[in-house]
Amino acid sequence: MNQQEQYQPEAEPEHQVMSCTATMDSNNVTTTAPTSTTTMTTTTTTPEFQHWLAQAHDGDANAQYRIGTCYLQGHEGCQLDEQAALEWFQKAAAQGHANAQYQYGWCYEAGTAGLPKDRCKAVAIMSEILTHTADSTTACPHAQCYLGWCHFNGEGGLPVNQAEGVRLFQLAVDQGLSEAQFHLANCYREGQGVPKKDLPKAIRLYQAAAQQQHAGAQNNLGNRYYHGQGVERHLGKAVAWCTKAARQGNEYGMATVGECYRDGGPGLEQDLYEAVTWFQMALEAGYEPAADEICQLQQKLRRRLQRLPVVRNKGQLALLSAGQEECPCCFEPFSDTTMTMATEQPFDRPRIMLPSCGHCYCMECLHSMCKMAAQQQDQQQQRIIKQPGVGNCAMCRRQFRLKNVKRVVSSSS
């Protein structure tokens, strides 16, 4: 299955207290002066924001960058305002604030804050950040990673240069940037832009990024455990890492967890019901191949339910057979064998809702009932007692001929 192994440009950096500074002159920053500077006048903002705002008006570049970040991400009680964020980033960028310059360039990459989407313009701004930074070991790692991705893939008007991309990734990795660790790990895993493929090094880089909560790295690390590439195959560890990615909304991680439960293996017992759960979440998150997986698994489960009796609590028995499918609770027959999946929370166990009567069963209980019934069939000796006449079911009061009733008698009786 095609997982999230491809390269992606980096999103905006996390909110930082300290900044990377560059020696860029103001006339080298190709920005237009903001026509107006939006200020937060409501009383919902935090005292920290008010303190930074006062410093920003006094010309402090770090404070201007912080204010821009607050407007961009809605921090410190601010309302989201991309235009105000851009204006403050421009002010800080004009003073050589590297992170603000990166954010300004990213606005062109993403086409936000009223700016047109222009990757070439973004590359030009990012390149100036590195050009005017004397020490590459202290340059903005986000800009290094972004330019590394563009060089590696030939984006933004740059020719394909995988070696240069790897060099820039390594500079950002040296500063601990998880996004760069993820991309460099992909390079070593595929053997692209590096002297040779090196799976152990790729695993170490994935682990470093995954520990910083990078969803793509968590998913790819889980995939290595699933396939047994560079590490011993262990589906339990694969599920652990991919679940972390899935909880960040990574649809590929959801699909990988589904694969693990579908197959079963070292460290994990097969559970087709749980597999359907994860494939369903992956589909809802946008991973379209999960639809085929769900269809195949539902067919397997439907055949299993048709073949095995379902035992309810207190020993009540109801058969779901190919000829007569009934609800285990009310014995209401249903002709449509499609079962509806329903969840209250994204990571709750789903319930199976029978289409006729609407009764719901959680998968775990239904699965357990099937197992209990199979064990009872193996352990008990059945003896058919034929009785003439007609009777009624004690639960649903349906009429039936007593000669067609089977009574289960244990071998000890």
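Bear in mind that the values here come from a model prediction, so they are computed numbers and not experimental data. Keep in mind that the numbers below use all heavy atoms, side chains included, and drop hydrogens, waters and symmetry copies.
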message = Could you tell me if H142 and N99 have a donor-acceptor pair between their side chains, going purely by distance under 3.5 Å?
response = no
key: From CA spacing to verdict: side chain to side chain donor-acceptor pair (under 3.5 Å), Y206, Q218   = CA-CA 7 Å; Y206 281 139; Q218 290 170 338; over 6 Å; no
inquiry  = Within the 4.5 Å heavy-atom criterion, are P200 and D198 side-chain neighbours or not?
reply    = yes
ask   = Between Q296 and D292, is any side-chain donor less than 3.5 angstrom from a side-chain acceptor?
value = no
query = For the side chain of Q162 and the backbone of V194, is there at least one donor-acceptor N/O pair under 3.5 Å apart?
reply = no
query = Any luck finding a side-chain donor-acceptor pair between Q50 and E76 under 3.5 Å?
reply = no
query = With no hydrogens and no angle check, do the side chains of H214 and Q181 hold a donor and an acceptor under 3.5 Å apart?
reply = no
ask   = Are a donor atom and an acceptor atom from the side chains of Q73 and H75 found within less than 3.5 Å of each other?
value = yes
note = The reported gap from NZ in K121 to SG in C107 (rounded to nearest 0.5 angstrom) is 12.5 Å
ask   = Does the side chain of Q213 come within less than 4.5 Å of Q248's, by heavy atoms?
value = yes
key: Pairwise side-chain contact, Y226 with H234, heavy-atom cut-off 4.5 Å (strictly under)   = no
message = In the structure I gave you, are the side-chain heavy atoms of E82 and Y71 within less than 4.5 Å of one another anywhere?
response = no
query = When the ring planes of Y102 and W106 are compared, do they come out parallel, tilted or perpendicular, using 30° and 60° as the limits?
reply = parallel
request  = Side-chain contact test, heavy atoms from C-beta onward, threshold under 4.5 Å: evaluate it for Y188 versus L205 and give yes or no.
outcome  = yes
query = Is it true that R262 and E293 make a salt bridge, defined as a side-chain N closer than 4.0 Å to a carboxylate O?
reply = yes
request  = Compare all side-chain heavy atoms of Q144 with those of F169 and state whether any distance is below 4.5 angstrom.
outcome  = no
query = Can W52 and E48 be counted as having a side-chain donor-acceptor contact under 3.5 angstrom?
reply = no
key: side chain to side chain donor-acceptor pair (under 3.5 Å) involving Q55 - partner list, sequence neighbours excluded   = H51
request  = Return yes if a side-chain donor-acceptor contact under 3.5 Å exists between N223 and Y252, otherwise no.
outcome  = no
